[in-house]
Amino acid sequence: MRYVYPTACHASLAAEVEAMLRAALTDLSSSGALPGQAEQFPFTVEKPRDPAHGEVATNVALSLAKVVGKAPRDLASLIVDVLEARLDQDSYIDAIEVAGPGFINFRTNARYLADVVCGIAKAPLGSRWAECRQPRSVLIEFVSANPTGPMLVVNARAAALGDVYCRLLNRTGHRASSEYYVNDAGGQIRTLGRSLEARVRQAAGDDVPFPEDGYPGDYLRDLANDYLAVCGPVEGPGDEERWMRMGDWAAARILSEQKALLERYGVTFDRWTHESAIRSGPGTEEVLDILCKRGYLYEKDDALWLRSTAYQDDKDRVLVKSDGSYTYLLPDLAYHMDKFDRGFDRVINIWGPDHHGYIQRMRAGLAAMGYPEENFEVIISQWVRLLSGGKEVSMSKRGGTYVTMDELLDEVGRDAARFFFLMRSASSPLDFDLDLAKEQSNENPVYYAQYAHARIAGILEGARGRGVNVPSAEEVNRDALALLGAPEELALVRRLADFPGEMVAAAESLEPHRLATYVLGVAAEFHSFYTECRVLGEDAALTRARLHLCQASARVVAEVLGLLGVTAPNRM
RNA sequence: GCGCCCGUAGCUCAGCCCGGAUAGAGCAUCUGACUUCUAAUCAGGUGGUCGGAGGUUCAAAUCCUCCCGGGCGCGCCA
């Protein structure tokens, strides 16, 4: 197993069962009951959908039946006999049975449930719930919006994703850093400068035309007024030098607004790397040197080309244009070389769907430089379509009718925005229902999860108010928790036990939407429990057990919401 | 044309990577539950040829092939 789980949970239980099965198979093959290769045969150990099938189930007999030449159920009972003989007193496993077409189901004892609740309640908030045995040093680059205009709703989606990736990886034993690449160089800065110049002149009363390929948004009119106030009017015809200077000025202003907005969203970056610095540094020439030495560089039509077709790209790519300037790819390769040189052994980028065609050339370039391809990953964060009143909000940057990230946060708030983005997998285009996200009602899933946390806080407060001693984690033991037995209680504990495994699964697959789904499940189990099981009751021992279950539930809800960057309120 | 994403209940989606036991949620809709720790809640009903067709398998929403529909990308732009 690649992960160690410090608390009792379903993942550690599954690991225990898998080890038992491996040992049993070894026994059987060394006694000649099974052929030798049976030991290595693949099988799965998982949680059955139906709780009636026990806590853990395996298909080992089904997948082995054919090579062994036995009926699955017969083989299963053979294995069960060995397993039962090996069961020791400390095991969480209580009963093992053959079921259905040949599954082996494992049932757990009360000690397992008690340890789950205890372990979770005792762990401090922000604990490492799982420790990877092969930790990696991961760099996650995301958002990296052009400093030529306000950030849009898609940027908010990427920000939420990258932020959670970092936390997930750090909490599962890896070392992850976040980084923002500032595209403050190249033609777009010049375009930005020309656009600003035109707006400044217009603001000063000159009737000058706006550049055809300029950035039309109103934000540049505001910036132009600031520019006038700070730098004064512009005189005479523009030239390259002035456009670049004005472009730099505007980009710096826009960048600081982006930083502030991301901060408001709760997303921080460990480092901001500027494309301009990469371009002026030695990296770009180094990349060319390396590629040249390795034979992946050639000249054609006065330009320098990367032979990316050697690594499955559709066509070769220009790195240095015929006018001597660099394409976007060259500094980007230098940037990624820098990432690896800084010691990161796993580099993840979150890009928009418009960059999908860019992945292969980047991968090819890095491979040509000798970096292992598998250390470079790109997550495509798909588009967001905004819906209001059941209709699509048209998003035309050209027409200036787009919704900015700023406006989104004003509209729906940080918690709802983040939760909505994280509810869906990054690879799916997202329909963001503004009305639903704004709604402070039962229809809004984010409140459903938060409400569970607030309810628990209410119970704990109520207990204190009535003079009930709220037990600390250390005070509750297995015996006290053995009183938990109602179906709703058991279902809730079973769900809590999934948490460390769910977190690892989300981290490994980089799919935080699993956690959103999971926390809604925990909330659902809690709400059922709340309805059926009175916590603050007559029976003091039962009250203590349930208070402890409440604390463990609150801990899990808070942990998951925290991972997602959503607050866990005590009152709603 | 090539590449990627999507197609599962009326709507929005999970499940697919790594095949398992009667395919799950939420919304909508219908029926019930607040003198009790928060009803922003709960219990239950209705609703499915998992886009289609083949194939692999003891077993396919899941893996393979082909096809259909929707979205996006294929610059010496960034």
Side-chain angles (χ1 to χ4, degrees), chain A residues 42 44 46 48-50 52-53 57-59 62-63 65-66 71-72 99-103 105 146 148 183 185-189 191 213 275 300-305 314-315 317-323 325-329 331-332 352-361 380 382-383 385 387 390 423-431 433 436 439-448 450-452 454-463 465-466 468 488 505 508-509 511 513-514 516-517 520-521 523-524 526-537 543 546-547 550 571-572:
Chain A
T44 60
E46 34 189 44
R49 219 179 13 250
D50 185 346
H53 295 141
T58 179
N59 64 351
L62 287 160
S63 46
K66 193 158 196 184
F103 291 101
N105 295 339
N146 288 333
T148 54
N183 297 121
Q188 59 182 0
I189 296 302
T191 304
D213 59 345
E275 184 189 350
K300 192 180 94 180
D301 303 333
D302 295 326
L304 266 183
W305 293 71
D314 296 339
K315 52 176 103 168
R317 306 291 172 177
V318 171
L319 292 180
V320 182
K321 303 183 215 170
S322 49
D323 67 0
S325 64
Y326 299 154
T327 61
Y328 185 77
L329 182 58
D332 214 4
D354 51 330
H355 280 66
H356 137 261
Y358 189 71
I359 299 172
Q360 197 47 45
R361 75 191 68 168
I380 293 292
Q382 285 289 340
W383 292 125
R385 208 164 57 123
L387 301 178
M423 263 195 312
R424 303 278 175 254
S425 77
S427 62
S428 303
L430 175 68
D431 281 336
D433 188 331
L436 180 59
E439 196 149 349
Q440 309 238 338
S441 79
N442 54 350
E443 291 176 26
N444 191 335
V446 67
Y447 293 110
Y448 184 85
Q450 289 180 318
Y451 184 49
R455 261 188 159 173
I456 297 170
I459 293 171
L460 297 178
E461 197 185 301
R466 291 160 193 235
V468 176
E488 293 79 13
E508 288 209 313
S509 60
E511 289 179 341
H513 73 274
R514 287 161 168 253
T517 305
L520 290 174
F526 179 79
H527 289 313
S528 294
F529 159 75
Y530 179 91
T531 304
E532 293 303 319
C533 304
R534 173 90 198 166
V535 176
L536 304 177
T543 294
R546 287 180 171 167
L547 279 172
C550 283
R571 211 180 276 267
M572 287 173 75

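Throughout, a chain's letter reflects where its sequence line sits, starting with A, and its residues are numbered from 1.
Comparing B:U12, B:C72, B:C37 against the side chain of A:Val535 picks out B:C37 as the nearest. Considering only the side chain of A:Val318, B:C76 comes nearest among B:G73, B:C76, B:U36. Here B:C13 is the nucleotide among B:A78, B:C76, B:C13 with the atom lying nearest to any side-chain atom of A:Asp431. The A:Leu536 side chain lies nearest to B:C37 when the options are B:C42, B:A14, B:C37. Relative to the side chain of A:Arg424, the nucleotides B:C13, B:A14, B:A78 differ in distance, and B:C13 lies closest.
In terms of phosphate contacts, A:Lys321 brings a side-chain nitrogen or oxygen within less than 4.0 Å of OP1 or OP2 of B:A78. Side-chain N/O atoms of A:Lys315 include one lying less than 4.0 angstrom from OP1 or OP2 on B:G75.
Heavy atoms of A:Asp332 sit nowhere under 4.0 angstrom from any nucleic acid atom. A:Arg514 comes within 4.0 angstrom of a base, heavy atoms only. Among the atoms of the strands shown, none is found under 4.0 Å from any heavy atom of A:Asp213. Residue A:Gln360 is out of contact with every strand shown, counting any heavy-atom pair closer than 4.0 Å.
When only modelled atom types and interatomic distance are considered, A:Asn183 and A:Gln188 share no side-chain donor-acceptor pair under 3.5 Å.
Of all heavy-atom pairs between A:Ala57 and A:Asn105, the closest is CB-OD1, 3.3 Å.
In RNA chain B, runs of at least 3 consecutive Watson-Crick or G-U pairs, each pair with both distances below 3.5 Å, span B:1-7 with B:68-74, B:10-13 with B:24-27, B:29-33 with B:41-45, B:51-55 with B:63-67.
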